[in-house]
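I have placed the structure first, in the form of structure tokens, so that the comments after it can refer back to it.
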Amino acid sequence: MATTPKTTPQSAPKATPAAANDGRRSIQSIEVGVPLLAALVDAGKPLTLRDLAAGAGMTSAKAHPYLVSFIRVGLVQQDGATGQYELGPFALQMGLVSLQRLDPVRIAMPEIAKLQSEIGHTLGIAVLGSHGPTMIHMTEASYPVHVNMRKGTVMSMLHTATGLVFAAWLPPKVSEHYIAREEGDTAVIASLTPPRKASRANVEAQLADIRVHGMARALGNPLPGVDALSVPVFDSTGNIALALTSLGPTGLFDVAWDGSIARPLLACAQEISRKLGYRG
């Protein structure tokens, strides 16, 4: 089972100078020089002065003094043999501290709130728990909808959109473990009727299709008359950190792969992934 996420590649954010009229004092030279650091982050490899300056949108003559200062404070280092520049030890230390402080759910919450106000449907956040994909947050729709999902609900790996997202992007052995352990586990929500077992070949084909679309879709699962779309959020290592799931009643809920719900849902997941350091 392939584990490469099918998502739109994203570059590191370009540094943007603060607005001149925001009422706060700033050091303009720092803001001018930061695009050089952003270019190194975006490249992910050592760069020559010419390539680095071009990536930052400045001339080599303008870039060089900034690089000298960045080298002195440890933000950049230069290879003595090749003359190429790359991020320095202090920049790496800052990155590690930032990663240690990241909380995927905390970062996701503001984005979820904006998304819910845009699409108006129920939204849930799921993480991988000891029993399987587990709902840890639900934001209710602007209209009444009957679902039996709440905080702590464990979703079937193969019979819910949420579970399928984890099945598609978890390492194969981990995915197989959770698929096997949910059999007979009454804590796992699958559907109102016992789901039929699918062949391994059919499962692999389904998961491959999910990776192509970048999301999973469930029609009438786990409840008849309720459809769902679910998308993965990735961390800085490229591993799935959580799943975002939106659901609603059949007929009112747009389940098209490129529909009015799928597009903003995927964009939201990509933005959270970006904030977690994912650069896929």
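Since the structure is predicted, the reported quantities are computational estimates derived from the model, not experimental observations. No hydrogens, no waters, no symmetry mates; every other heavy atom, side chains included, goes into these values.
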Within the side chain of Tyr178, is there an N or O that forms a donor-acceptor pair under 3.5 Å with the backbone of Gly129? yes
Would you please classify the geometry between the Tyr278 ring and the Phe234 ring as parallel, tilted or perpendicular, with 30° and 60° separating the classes? tilted
Do you know the tightest heavy-atom contact between Ala161 and Ala216? O-CB, 3.4 Å
Sub-3.5 Å donor-acceptor pair from the side chain of Arg279 to the main-chain atoms of Asp42, do we have one? yes
What distance separates Ile136 CD1 from Thr153 OG1, expressed to the nearest 0.5 Å? 12.0 Å
Keeping Arg263 on the side-chain end and Asp258 on the backbone end, is there a donor-acceptor pair under 3.5 Å? yes
In terms of heavy-atom contacts, Pro110 and Ile107 come closest through CD-O, 3.4 Å
Quick check: closest heavy atoms across Pro133 and Gly163, and the distance to 0.1 Å? CG-CA, 3.9 Å
For the pair Arg211 (side chain) and Trp169 (backbone), establish whether a donor and an acceptor sit closer than 3.5 Å, ignoring hydrogens and angles. no
Going hydrophobic residue to hydrophobic residue with side-chain gaps under 4.5 angstrom, can you get from Leu252 over to Val226? no
Atom pair OG1/CG of Thr134 and Leu242 - distance to nearest 0.5 Å: 12.5 Å
Measuring only between side-chain heavy atoms, which start at C-beta, is Val41 closer than 4.5 Å to Leu87? yes
Does any non-hydrogen side-chain atom of His177 lie less than 4.5 Å from one of Lys173? no
Gln116 side chain to His121 backbone, donor-acceptor under 3.5 Å: yes
Is there a path of hydrophobic side-chain contacts, each under 4.5 Å between heavy atoms, that joins Val68 and Val34? no
Where do Glu86 and Lys45 land on the side-chain contact (heavy atoms from CB on, under 4.5 Å) test, with the steps shown first? CA-CA 7 Å; Glu86 60 183 321; Lys45 62 180 181 180; over 6 Å; no
Please tell me if the side chains of Gln84 and Leu47 come closer than 4.5 Å, counting only heavy atoms from C-beta onward. no
Any side-chain heavy-atom pair from Leu207 and Val203 closer than 4.5 angstrom? yes
Judged by atom type as modelled, is there a donor-acceptor pair below 3.5 Å linking the side chain of Gln78 to the main-chain atoms of Tyr85? no
From CA spacing to verdict: side-chain contact (heavy atoms from CB on, under 4.5 Å), Leu123, Leu244: CA-CA 7 Å; Leu123 283 167; Leu244 305 183; 5.7 Å; no
If you measure from OG1 on Thr245 to NE2 on His137, what distance do you get to the nearest 0.5 Å? 12.0 Å
Approximate separation, where rounding is to 0.5 Å, of Met157 CE and Leu170 CG: 5.5 Å
Donor-acceptor pair, side chain of Ser246 and main chain of Thr122, under 3.5 angstrom: yes
Check for a donor-acceptor pair, side chain of Asp254 on one end and backbone N or O of Ser260 on the other, with a separation under 3.5 Å. yes
Kindly indicate whether the side chain of Val165, heavy atoms from C-beta on, has any atom under 4.5 Å from the side chain of Val231. no
NE2/His64: more than 12 non-hydrogen atoms of other groups inside 6.0 Å: no
Pairwise distance CD1(Ile125) to OG(Ser230) - rounded to 0.5 angstrom: 11.0 Å
Is any side-chain heavy atom of Glu182 closer than 4.5 Å to a side-chain heavy atom of Val154? no
Indicate yes or no: at least one non-hydrogen side-chain atom of Leu115 is less than 4.5 angstrom from one of Leu265. yes
Determine, stepwise, if the pair Ser273 / Val233 fulfils side-chain contact (heavy atoms from CB on, under 4.5 Å). CA-CA 5 Å; Ser273 296; Val233 169; 3.6 Å; yes
Output yes when a side-chain donor or acceptor of Thr82 lies under 3.5 Å from a complementary backbone atom of Gly80, and no otherwise. no
Please round to the nearest 0.5 Å and tell me the distance separating atom CD1 of Ile210 and atom CG of Leu164. 4.0 Å
Does Asp227 use its side chain to pair, donor to acceptor, with the backbone of Gly220 at less than 3.5 Å? yes
Testing the basics here: between Gly259 and Pro264, what is the closest heavy-atom pair and its distance to 0.1 Å? O-CD, 4.2 Å
Looking only at heavy atoms, what is the nearest atom pair of Gly214 and Pro232, with distance? O-CD, 3.4 Å
Identify, with sequence neighbours excluded, every residue that meets ring pair (Phe, Tyr, Trp, His ring centres under 6.0 Å) alongside Tyr66. none
What are the two closest heavy atoms between Val255 and Leu229, and how far apart are they? O-CD2, 4.1 Å
